[in-house]
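Just so it is clear, the model here is predicted, and its values are computed rather than measured. Lettering follows sequence order; numbering is per chain, from 1.
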Amino acid sequence: MQYWLFKTEPDAFSIDDLATMPKQTEHWDGIRNYQARNYLRDQIKRGDQVFIYHSSCKNVGIVGVAEVVKEGYPDHSQFDPDSKYHDPKSDPDAPRWYMVDIKLKQKFAGLLSLKDIKAMPDIQDFALVKKAYRLSIMPVAQNEWHKLISRAP
DNA sequence: GCCAACGTTGGC
DNA sequence: GCCAACGTTGGC
């Protein structure tokens, strides 16, 4: 089993939105970055654990945990001309973009803020606090996961 | 809203 | 295949 961090802008889709979905499950569409796509298509497996991270908002940080319930499959929004994620260059026979389904496991009682995370010792290798932190989906090492979980409010 | 850091595109 | 220009991300 592997661990991941998925970013979302809560104004668009928050952990509370995930909580209100049927079965508290939703497909994680709209990822349009090749490195993140590779994770979605090739590496993220059923049962993997995912931190939900709220970005581009007043209170940035990790807000809860979800579990992967469906492995990578083509993101249908790439073929929808009305979607803001529409990609006319994507070939239906060789889809460019993938997504997975995740199910909410736990919403934290509070926010594990980016500030708190950055203040944690021995977390400097965590991708979120390094230069590549713009990735919308990033791996989390097992020891990092446990350190972060232990700090969750 | 600013701006630094990336990622992508496209001309050559 | 290089690299400048452009677009996007995301913390502050």
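Nucleotide B:dG7 holds its P atom 13 Å from the OH atom of A:Tyr34, rounded to whole Å. Atom CZ in A:Arg96 sits about 17 Å away from atom P in B:dG7, given to the nearest Å. Atom CG in A:Asn38 sits about 14 Å away from atom C1' in B:dG7, given to the nearest Å. Atom P of nucleotide C:dG10 and atom CD of A:Glu9 are separated by 7 Å, given to the nearest angstrom. Following rounding to the nearest Å, A:Arg37 (CZ) and B:dT8 (P) show an atom-to-atom distance of 10 Å. In this structure, CZ of A:Arg32 is placed 19 Å from P of C:dG7, rounded to the nearest angstrom. Atom P of nucleotide B:dG7 and atom CG of A:Leu135 are separated by 7 Å, given to the nearest angstrom. Between A:Gln35 atom CD and B:dT8 atom C1' there is a gap of 14 Å when expressed in whole angstrom units.
At distances below 3.5 Å, not a single donor-acceptor pair connects side-chain atoms of A:Asp80 with backbone N or O atoms of A:Ser77. When atom types are taken as modelled, the side chain of A:Asp75 and the backbone of A:Gly30 share a donor-acceptor pair closer than 3.5 angstrom.
Listed nucleotides: B:dG10, B:dT8, C:dG10. Nearest to the side chain of A:Lys89: B:dG10.
In this model, the phosphate group of C:dG11 is approached by a side-chain N or O of A:Tyr53 to a distance below 4.0 Å at OP1 or OP2.
At its two ends the helix from B:dG1-C:dC12 to B:dC12-C:dG1 runs along axes set 10° apart, each axis drawn from five pairs and the angle rounded to 10°.
Taking A:Tyr34 as the reference, A:Trp97 meet the ring pair (Phe, Tyr, Trp, His ring centres under 6.0 Å) condition, with sequence neighbours excluded. Shown here are the side chain to side chain donor-acceptor pair (under 3.5 Å) partners of A:Lys70, two or more places apart in sequence or in another chain: there are none.
A:Phe51 and A:Trp145 have parallel rings, their planes meeting at less than 30° on a 0 to 90° scale where 60° marks the start of perpendicular.
With contacts defined as side-chain heavy-atom distances shorter than 4.5 Å, the pair A:Leu135/A:Tyr39 qualifies.
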